[in-house]
Colleague: 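Please find one structure pasted underneath; my questions will follow.
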Number of protein chains: 2
Amino acid sequence: MEQKPAKKMFLQIVKQLRELIMEQRIQPGDKLPSERVLCERLNASRSSVREALRSLELLGLIESRHGGGTFLADVGGHQLVEILSSFILREEKSQKDVHATREMHEREAIRIICAEKELRNLPIWDSLFAQIELQQEVKRAAILRECVIAAGNRLSLKIWIQLHAYSMTSLKDRVTVSEKEALQILIKSMQMGYTEEAIEAYNEWIGQI
Amino acid sequence: MEQKPAKKMFLQIVKQLRELIMEQRIQPGDKLPSERVLCERLNASRSSVREALRSLELLGLIESRHGGGTFLADVGGHQLVEILSSFILREEKSQKDVHATREMHEREAIRIICAEKELRNLPIWDSLFAQIELQQEVKRAAILRECVIAAGNRLSLKIWIQLHAYSMTSLKDRVTVSEKEALQILIKSMQMGYTEEAIEAYNEWIGQI
DNA sequence: ATAGTGAACTGGTCAGACCACTTTTTGTGG
DNA sequence: CCACAAAAAGTGGTCTGACCAGTTCACTAT
């Protein structure tokens, strides 16, 4: 009859906190019930309540002021709560999000390359272009990796590697003939510093995959 | 003076935890010291240590198993973000990369919003615009967070939250008068769907910070 | 060598106690 | 009556200690 008590207390409290916020129409900036009151209402110890509150505070969803009280974060509480619940429930993000994020990093790398002369003039681009022209073994991942590496943001590179590892399943290795053109346009545009054209070529290329 | 922020204990512990992970080369999937051991080493009470650990657990960075121990989140499928964050945590040197990456996600969010009518027409933008106009308390983070949320990529949001959490130090809270204009242009451009203008306004705004 | 058992360890939860800070109330003096 | 300072109440921040409930692992007894 009762819900599963299996989950950890502080997660249940986070969930109940969200329900409480919605029920009582607590607006961003408003004060939340005090920790001690929440203990009573949620039938939990103060330690557990605090674990939940501190978690939400680290996420930036609430703000606690010593001696003052606990408040719902200033802006956009309702939207945040929705996001939050999805985190709690561990609803896993779609493959789409992973792809979109990876492509975001790739596009940004292309933009950076286009904007910097030293990067545009790297010999690697000619090399890649020639390999594509000759239909040699050119792996998509290699091309994109070169871009992200060239862009010089190591954090972005690390993120990209992880994202790529995760989304590799649906990617074929070799570059097909139909992709050849868009790919070469991409590289040439990059070398010329034509950001818009490069991005457009990239989008067209990605669209084929 | 020393940068002893005298901030909240559980935040200090979060910070110390990441230092500990870095020093001991703890890899994703590895076991962390037990809560009681951490109490001794970090010279804090178990309550505070647990508040920190539970926060990291809600973020998905660590995983606790009843009776088993606490582990640094492993590469299991979608949990990739956790690994990144552990990278982020240990790279003090590349603060610039963190900022650049965070800004990348913000720009992408702006682009997405500009491109989709439903997102442009969200009431939140008028609300933010009005608050800026009235010089109310508007936090930079709140504005950017709304953008990333609205863009709808939850993976990107999760990455952003973590990037923001660890680059917070250099960000002031309030929006200054000099930023007001660029910010309002950003919002208006977004609502109109003028991608280029919005990005330009964003860059100008960011440049001031 | 194996299966079984139990001690030792680990996280999960709770209760209560202080402290420091903020807000509210109260009581005084004008 | 009002203004203002002192006192009280309220609130988050931290710590201690305790007990429960799972997991691990070494050491039996077979």
Side-chain angles (χ1 to χ4, degrees), chain A residues 2-17 20-21 24 26 28-74 77 88 90, chain B residues 3-17 20-21 24 26 28-74 79 82 137 173:
Chain A
E2 178 156 353
Q3 75 227 9
K4 303 178 190 176
K7 300 202 171 188
K8 303 182 183 181
M9 200 52 155
F10 90 97
L11 288 178
Q12 287 184 248
I13 294 177
V14 167
K15 188 176 178 182
Q16 293 180 39
L17 230 33
L20 183 140
I21 288 172
Q24 309 217 344
I26 297 178
D30 287 356
K31 197 176 194 175
L32 294 168
S34 74
E35 296 182 350
R36 289 167 177 87
V37 170
L38 287 174
C39 294
E40 275 192 19
R41 276 213 229 162
L42 306 183
N43 198 31
S45 71
R46 200 176 154 210
S47 314
S48 298
V49 169
R50 278 186 61 84
E51 287 179 11
L53 290 176
R54 266 359 91 205
S55 299
L56 295 179
E57 184 174 359
L58 187 64
L59 269 178
L61 299 177
I62 64 175
E63 181 183 340
S64 291
R65 301 169 200 160
H66 190 177
T70 303
F71 302 80
L72 197 56
D74 307 66
I88 309 315
R90 290 288 193 269
Chain B
Q3 193 182 350
K4 191 163 295 184
K7 288 297 180 187
K8 308 186 181 182
M9 201 52 160
F10 90 97
L11 288 178
Q12 287 182 249
I13 294 177
V14 167
K15 186 176 179 183
Q16 292 178 28
L17 272 176
L20 183 140
I21 289 172
Q24 310 219 344
I26 298 177
D30 287 355
K31 196 170 181 178
L32 271 61
S34 76
E35 296 181 353
R36 288 169 178 87
V37 170
L38 288 174
C39 294
E40 275 192 20
R41 281 215 225 159
L42 305 184
N43 198 31
S45 70
R46 203 179 151 208
S47 316
S48 298
V49 169
R50 276 186 61 85
E51 287 180 10
L53 288 176
R54 266 0 94 204
S55 298
L56 294 177
E57 184 174 359
L58 186 63
L59 269 178
L61 270 67
I62 63 175
E63 180 183 342
S64 292
R65 300 168 200 162
H66 190 176
T70 303
F71 302 81
L72 198 57
D74 62 356
Q79 301 284 357
E82 288 70 344
E137 283 198 15
D173 264 358

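A note on names: the letters A, B, ... follow the listed sequences, proteins ahead of strands, and every chain is numbered from 1.
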Colleague: Output the rounded distance in Å from CD (Glu57(B)) to C1' (dT10(C)).
Modeller: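 Value for this atom pair: 14 Å.
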
Colleague: Determine, for Lys8(A) against Glu51(A), whether the closest basic-nitrogen to carboxylate-oxygen distance falls under 4.0 angstrom.
Modeller: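 So Lys8(A) does not pair with Glu51(A) through a salt bridge.
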
Colleague: Yes or no on side chain to side chain contact (heavy atoms under 4.5 Å, CB included) for Ile21(B) and Asp30(B), after CA distance, side-chain angles and deciding distance?
Modeller: CA-CA 10 Å; Ile21(B) 289 172; Asp30(B) 287 355; over 6 Å; no

Colleague: Show your working on side chain to side chain contact (heavy atoms under 4.5 Å, CB included) between Ile13(B) and Leu53(B) and close with a plain yes or no.
Modeller: CA-CA 9 Å; Ile13(B) 294 177; Leu53(B) 288 176; over 6 Å; no

Colleague: What's the shortest heavy-atom distance between Ala52(B) and Phe10(B), and which atoms?
Modeller: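 It is CB-O, 3.5 Å.
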
Colleague: Going by side chain to side chain contact (heavy atoms under 4.5 Å, CB included), name the residues that satisfy it together with Ser47(B), two or more places apart in sequence or in a different chain.
Modeller: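 By the side chain to side chain contact (heavy atoms under 4.5 Å, CB included) rule, Ser47(B) matches Ser45(B).
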
Colleague: Below 4.0 Å from chain B heavy atoms, what is the first contacting nucleotide of DNA chain D and what is the last?
Modeller: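 Counting from the 5' end, contacts occupy dG13(D) to dT23(D).
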
Colleague: By the salt bridge (charged side-chain N to carboxylate O under 4.0 Å, His left out) test, which pairs, at least two apart or in different chains, include something from residues 36-45 of chain A?
Modeller: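 Not a single pair qualifies under salt bridge (charged side-chain N to carboxylate O under 4.0 Å, His left out).
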
Colleague: Between Leu38(B) and Leu20(B), does the side chain to side chain contact (heavy atoms under 4.5 Å, CB included) criterion hold? Intermediate values first, please.
Modeller: CA-CA 10 Å; Leu38(B) 288 174; Leu20(B) 183 140; 4.2 Å; yes

Colleague: Tell me, please, which residues at least two apart from Glu35(A) pass side-chain hydrogen bond (donor to acceptor under 3.5 Å, both in side chains).
Modeller: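 Expected list: Arg46(A), Arg50(A), Arg54(A).
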
Colleague: Could you list the protein-to-nucleotides 19-21 of chain C atom pairs, N/O on both sides, closer than 3.5 Å?
Modeller:
unit_1: dA20(C); atom_1: N3; unit_2: His66(A); atom_2: NE2; d: 2.9

Colleague: Leu38(B) CG to dC9(C) C1': how many Å, rounded?
Modeller: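 That distance rounds to 14 Å.
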
Colleague: Scan residues 44-55 of chain A against DNA chain D and write down, sorted by residue number, each residue with any heavy atom closer than 4.0 Å; if none is found, say none.
Modeller: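 Those residues are Arg46(A), Arg50(A), Arg54(A).
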
Colleague: In this structure, how many angstroms lie between the P atom of dG16(C) and the CD atom of Glu35(A), rounded?
Modeller: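 The answer, rounded to whole Å, is 17 Å.
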
Colleague: Leu17(A) and Leu42(A): side chain to side chain contact (heavy atoms under 4.5 Å, CB included), yes or no, with the steps?
Modeller: CA-CA 9 Å; Leu17(A) 230 33; Leu42(A) 306 183; 4.1 Å; yes

Colleague: How long is the gap from CG on Leu72(A) to NZ on Lys31(A), to the nearest 0.5 Å?
Modeller: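 Rounded to the nearest 0.5 Å, the CG-NZ separation comes to 14.0 Å.
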
